[in-house]
> 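Take a look at this one; I'll ask things after.
Just so you know, these numbers use all the heavy atoms, side chains as well, and skip hydrogens, waters and symmetry mates. Numbered from 1 within each chain, the chains take letters A, B, ... in sequence-line order.
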Number of protein chains: 2
Amino acid sequence: MQGASRLKEELTNPSNPQRSTSGVKRSRELRHALLQRKIQDNPFLTDSEIASILGVSIHTVRLDRLALGIPDSRERTRMVAEKVFSTVRSIRSEEVVGELVDVVLGKSGVSILETTQDMTLERTGVVRGHYIFAQADSLAMALVDSDVVLTGLANIKFKRPVKAGEKLICKAEVIRKKGNKYVVLATTRSTSGQVFRGKFVLASLEDSAGVGSAKEGFSG
Amino acid sequence: MQGASRLKEELTNPSNPQRSTSGVKRSRELRHALLQRKIQDNPFLTDSEIASILGVSIHTVRLDRLALGIPDSRERTRMVAEKVFSTVRSIRSEEVVGELVDVVLGKSGVSILETTQDMTLERTGVVRGHYIFAQADSLAMALVDSDVVLTGLANIKFKRPVKAGEKLICKAEVIRKKGNKYVVLATTRSTSGQVFRGKFVLASLEDSAGVGSAKEGFSG
DNA sequence: CCTCGTAATATGAGTGCATCATAATACCTA
DNA sequence: TAGGTATTATGATGCACTCATATTACGAGG
């Protein structure tokens, strides 16, 4: 509603009488931009919803979508769902942060995390520490050859701030194993060098152990 | 295709001539179970696809869905998409993980985090460590009276696993400050006692310092 | 001033995937 | 063989589109 009136104003406002067709074109481009933004931050909008938001007819919206190569709402929805679903799936059921490559159970492994704007603190543009932590923690957990693995202790150091867009490669290695306790050393680097280092102490629990009964706490 | 033949066999196989209607019912329940599983691991399946997979007519599939309260494929797709979308959202907009209550800048503070199923490892039902870490880290950062704060070091221990639904109360205190370095001690407890303990070393940077130029790395 | 072209709208046919209500048929078993 | 449940079918309807083809509005250029 608000968007509609704003754009309508833009469109019908007699001020700024841009010469020739460029004025018209301008307003359409403006609408295109707005449309893209609206769809970006709510991909589920249906054509008619968009139409009323933009204050134009549904046909215009369709033409605009066509011009901009934006698929219909069902398709958009499907894409969102599929993307998530596939990442979630391919990463051994979403539980892992980052993409596992080359894991040798009980030995060592590598995981890659593409950082995005979503992961940053807005003010600083720096990737939040817990994503980096989660990548390493996830990898460490993946190394332990057991169904139920909990993290007990971690000793971590952030060496350098990471900006959105950097690709983080985390290597981890089991350096000690005693009973059901594993000590994993993980280091994460970006193109520009080492970024993070962490030592994790993990425990594998057999189902019989029962998570609730774990004396020495630990967390998933 | 494979599923179809398998189920069809089950359905038409003259062996196991279960007495009375129970035989028929059994196969339907079997189909229901299969249907649920199929949909679970591919929510995008359309009725007719399911029909051919199960080797029954499309009508049967619809009846089954109705009986099981499973929405149609578009709805399912939308749900998947929405869920992902909203999680991405909530992590993005929440610079702070957990709700801040009672923060005294530079001194101490408390944060509350209601844990949910989303935060758990499916297998164990235990809340993932990085949420707990993030809560404490966020609180620690909030205590530092500066626009730009980065975490450099953390020494953490997970005392006890946390189940979804537990409300986590994290208390943090600045225990040392030297120049732009802060040392914060955080402890998290649930109704059932202490859950987590962490010592964080944070650095506040004035904008002039420039995040990129930070020699001793640190991360947001 | 009027015409021409572009942008915006409209109309109508057709599609995919569904719902809902109401038959019709198959098949088991009592 | 009759009855009842499970399955399949039919037809009407809905939503959110696509695609092709008008029609209308309007701002310049000749």
Side-chain angles (χ1 to χ4, degrees), chain A residues 4 7-8 10-35 39 42-81, chain B residues 4 7-8 10-35 39 42-81:
Chain A
L7 187 64
K8 245 179 187 161
E10 256 297 344
L11 284 165
T12 57
N13 197 334
S15 79
N16 192 26
Q18 222 61 34
R19 45 218 123 317
S20 127
T21 59
S22 91
V24 173
K25 263 185 188 159
R26 166 84 57 95
S27 72
R28 185 172 55 179
E29 270 151 30
L30 206 145
R31 193 184 59 228
H32 280 187
L34 191 56
L35 185 148
I39 284 181
N42 183 2
F44 310 117
L45 286 173
T46 190
D47 280 359
S48 66
E49 286 168 333
I50 297 171
S52 82
I53 287 174
L54 263 52
V56 295
S57 82
I58 199 169
H59 315 289
T60 307
V61 173
R62 313 243 227 237
L63 280 180
D64 286 356
R65 275 203 298 102
L66 194 69
L68 296 168
I70 296 172
D72 63 83
S73 74
R74 304 214 250 237
E75 186 68 9
R76 275 170 350 239
T77 305
R78 227 207 58 237
M79 286 165 75
V80 172
Chain B
L7 186 64
K8 245 178 186 161
E10 257 295 345
L11 284 164
T12 57
N13 197 335
S15 78
N16 190 27
Q18 223 61 34
R19 45 216 127 315
S20 125
T21 60
S22 91
V24 172
K25 264 185 187 158
R26 167 82 59 93
S27 74
R28 185 172 54 179
E29 270 152 31
L30 205 144
R31 194 184 57 229
H32 279 189
L34 191 55
L35 185 148
I39 283 180
N42 183 2
F44 310 118
L45 286 173
T46 191
D47 279 0
S48 66
E49 285 169 334
I50 297 171
S52 84
I53 287 173
L54 263 54
V56 296
S57 83
I58 199 169
H59 316 288
T60 307
V61 173
R62 313 244 227 239
L63 281 178
D64 287 356
R65 274 202 301 103
L66 194 69
L68 297 169
I70 297 171
D72 64 82
S73 73
R74 303 213 252 237
E75 186 69 8
R76 268 157 14 224
T77 305
R78 227 208 59 237
M79 287 166 74
V80 172

> Which whole-number value in Å describes the distance from A:F44 CZ to D:dA16 P?
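Spelled out: CZ on A:F44 to P on D:dA16 is 15 Å.
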> Reading nucleotides 11-27 of chain C from the 5' end, what letters show protein touch, with B for base, S for backbone sugar-phosphate only, - for no heavy atom under 4.0 Å?
B----BBBB--------
> Once rounded to the nearest 0.5 Å, what's the spacing between atom CZ of B:R78 and atom OG of A:S73?
10.5 Å
> Among B:L35, B:N42, B:L45, B:L34, find the one that has a side chain to side chain contact (heavy atoms under 4.5 Å, CB included) with B:I53.
B:L45
> Please give, in whole Å, the distance from D:dA16 P to A:R78 CZ?
18 Å
> Does OP1 or OP2 of C:dA8 have a side-chain N or O of A:T60 closer than 4.0 Å?
no
> What integer distance in Å separates A:L63:CG from D:dT18:C1'?
12 Å
> Please state how far atom CD1 in A:I50 lies from atom P in D:dA16, giving the value in whole angstrom units.
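The distance from CD1 of A:I50 to P of D:dA16 comes to 12 Å, rounded to the nearest Å.
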> In whole angstroms, how far is the C1' atom of D:dC17 from the CG atom of A:D64?
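Rounded to the whole Å, the gap is 16 Å.
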> Check this for me, if you would: do A:D72 and A:R65 make a salt bridge, where the nitrogen-to-carboxylate-oxygen distance has to be below 4.0 angstrom?
no
> Rounded to the nearest angstrom, tell me the gap between atom NE2 in B:H32 and atom C1' in D:dT5.
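That distance rounds to 13 Å.
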> Give the C-alpha distance, both sets of side-chain angles, the deciding distance and a yes or no for side chain to side chain contact (heavy atoms under 4.5 Å, CB included) between B:L66 and B:R62.
CA-CA 6 Å; B:L66 194 69; B:R62 313 244 227 239; over 6 Å; no
> Any chance you could measure A:T77, atom OG1, to B:F44, atom CZ, to the nearest 0.5 Å?
10.5 Å
> Quick one: A:E75 CD to D:dC15 P, roughly how many Å, whole number?
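In whole Å, D:dC15 P lies 22 Å from A:E75 CD.
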